[in-house]
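Below, chain A is the first sequence line, B the second, and so on; all start at residue 1. Predicted model, so just to flag it, every value in this text is computed and none were measured.
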2 protein chains.
Amino acid sequence: MQKQETLSKNQKIILDLIEKSDQPLKAYSILFDVKKKGINAPLQVYRALDKLVEIGKIHKIESRNAFVACKNSNCQVSKATAFSICESCEDVTEVSNLKLSKYLNNFADKSGMKYNKYNLEFFGLCKNCKK
Amino acid sequence: MQKQETLSKNQKIILDLIEKSDQPLKAYSILFDVKKKGINAPLQVYRALDKLVEIGKIHKIESRNAFVACKNSNCQVSKATAFSICESCEDVTEVSNLKLSKYLNNFADKSGMKYNKYNLEFFGLCKNCKK
DNA sequence: TTAAATATGTTATATTATTACACAGCGTTA
DNA sequence: TAACGCTGTGTAATAATATAACATATTTAA
Ligand SMILES: [Zn+2]
Ligand SMILES: [Zn+2]
Ligand SMILES: [Zn+2]
Ligand SMILES: [Zn+2]
């Protein structure tokens with residue numbers, strides 16, 4: 001169990017919104033949606049997003065500048081993430097595959113650098129878009 | 001051999017600059033550098049970057065919004081890319097590992113989605129920064 | 001040699017993200 | 001309890017990244 005109870009007001013509002021969406025949300029679309037809850041400025045959104053990413057509640061889809069809720073018991077606090085992205089409808093799914101994460105967590109190349117984090121984005125066409 | 005000879009003037013100028021840099025360059029820093037060569041507007045830079053990415057001469061480091069030259073004979077035209085990124089000095093190296101690329105190119109999860117492209121970014125501390 | 005495709009140049013604007021500053025609440029500890 | 005550190009909030013301004021729209025030029029290929 002993670003410590004969920006410590007989320008602040010803004011963090012809760014924004015996590016709630018992202019969790020209710022089945023697709024990635026962009027920061028300014030989040031801002032638009034939470035204005036009715038009294039969150040008025042980009043920075044308020046970005047601060048909450050930063051924190052939520054840090055604790056693994058959400059992930060940033062880097063190639064899309066958008067945020068999704070973690071579907072994967074908070075992904076070792078966002079240290080090991082993988083997504084599949086449909087290039088047609090922009091549907092994004094978090095990939096949850098133990099073999100893959102094991103493989104990547106243990107990956108070491110000749111540089112001798114030891115990685116403590118990775119992010120992987122797969123692109124293709126989803127079932128629907130493949131026709 | 002790829003068809004390099006077909007690069008346009010702006011594309012050549014910008015590829016040349018990126019190839020001479022050992023680290024990722026950002027679009028507006030490229031713009032600043034190529035002003036003396038008569039490239040004056042962001043769009044001119046972004047258009048060249050788009051094309052160079054498309055043909056696999058350069059890659060975009062998504063988590064950094066920056067561009068590096070391909071060190072890897074143009075990575076199947078940018079369809080399969082992996083990088084290691086030092087979170088301290090921001091040094092970026094293209095990972096060239098046949099087993100890894102084979103593994104990821106063949107990866108398929110239960111979604112049934114077949115991927116035609118991926119991008120992987122590893123994060124950690126490089127040798128120097130590990131002290 | 002015309003038409004399509006690709007590239008250029010320019011202006012304006014949209015989108016994404018951060019800096020800087022003031023202050024509030026809460027738990028620790030001196 | 002007072003002082004402090006830490007985390008979060010609110011607000012304004014601005015920086016950094018990227019694209020739209022339009023006009024024109026150049027290259028390629030039928
Ligand atoms: Zn996750
Ligand atoms: Zn799709
Ligand atoms: Zn490459
Ligand atoms: Zn380093």
Seminar exercise, completed: In whole angstroms, the gap separating P of D:dA16 from CZ of B:Phe67 amounts to 16 Å
For this session: Without swapping roles, check the side chain of A:Glu87 against the backbone of A:Leu125 for a donor-acceptor pair under 3.5 Å.
Result: no
Exercise. For the residue pair B:Val45 and B:Ala27, what are the closest heavy atoms and their distance?
Worked result: CG1-O, 3.8 Å
Exercise. Between which nucleotides of DNA chain C, 5' to 3', does chain B make heavy-atom contacts below 4.0 Å?
Worked result: C:dA7 to C:dT11
For this session: Evaluate side-chain contact (heavy atoms from CB on, under 4.5 Å) for A:Leu120 paired with B:Leu104, printing each intermediate quantity in order.
Result: CA-CA 10 Å; A:Leu120 170 58; B:Leu104 293 176; 3.9 Å; yes
Seminar exercise, completed: Nearest heavy-atom contact between A:Gln23 and A:Val68 is C-CG1, 4.2 Å
Problem set entry | Pairwise distance NZ(A:Lys57) to CD(A:Glu19) - rounded to 0.5 angstrom | 7.0 Å
Problem set entry | Aromatic-base stack, B:Tyr46 on D:dT19, cutoff 5.5 Å, angle under 30 | no
Exercise. Under the 3.5 angstrom rule, does the side chain of B:Asn40 hit a backbone N or O of B:Gly38 as a donor-acceptor pair?
Worked result: yes
Problem set entry | Salt bridge present between A:Glu121 and A:Arg64 (N-O < 4.0 angstrom) | no
Seminar exercise, completed: Ranking D:dT9, D:dG8, D:dA20 by distance to the side chain of B:Leu43, first place goes to D:dA20
For this session: Return the value, rounded to whole Å, for the distance between atom CG of B:Leu49 and atom C1' of D:dA18.
Result: 11 Å
Exercise. Taking both distances under 3.5 Å as the test for a Watson-Crick or G-U pair, what stems of at least three pairs does DNA chain C have?
Worked result: C:1-30 with D:1-30
Exercise. Starting at CG of B:Leu31 and ending at P of D:dA15, how long is that distance when rounded to a whole Å?
Worked result: 16 Å
Problem set entry | Rounded distance (Å) that lies between atom P of D:dC6 and atom NZ of A:Lys51 | 13 Å
Exercise. Between B:Asn72 and B:Glu94, which heavy-atom pair has the shortest distance, and what is it?
Worked result: CB-OE2, 3.6 Å
Problem set entry | Whole-Å gap separating C1' (D:dT9) and CG (A:Leu7) | 15 Å
For this session: Provide, to the nearest angstrom, the distance between the NZ atom belonging to A:Lys37 and the C1' atom belonging to D:dG10.
Result: 19 Å
Exercise. Which comes earlier along DNA chain C counting from the 5' end, the contact point of B:Gln44 or that of A:Pro42, where each point is its nearest nucleotide?
Worked result: B:Gln44
For this session: Would you mind reading off the distance between A:Asn65 atom CG and D:dT19 atom P, rounded to a whole angstrom?
Result: 10 Å
Problem set entry | Between P of D:dT24 and CZ of B:Arg47, the distance in whole Å | 15 Å
For this session: Determine the interplanar angle of the A:Tyr115 and B:Phe122 rings, folded into 0 to 90°, and report it as parallel if under 30°, tilted if 30 to 60°, perpendicular if over 60°.
Result: parallel
For this session: Compare side-chain N and O positions of B:Lys26 against OP1 and OP2 of D:dT17 and report whether any pair is under 4.0 Å apart.
Result: yes
For this session: Look at the side-chain N and O atoms of A:Lys35 and state whether any lies under 4.0 Å from the OP1 or OP2 oxygen of D:dG10.
Result: no
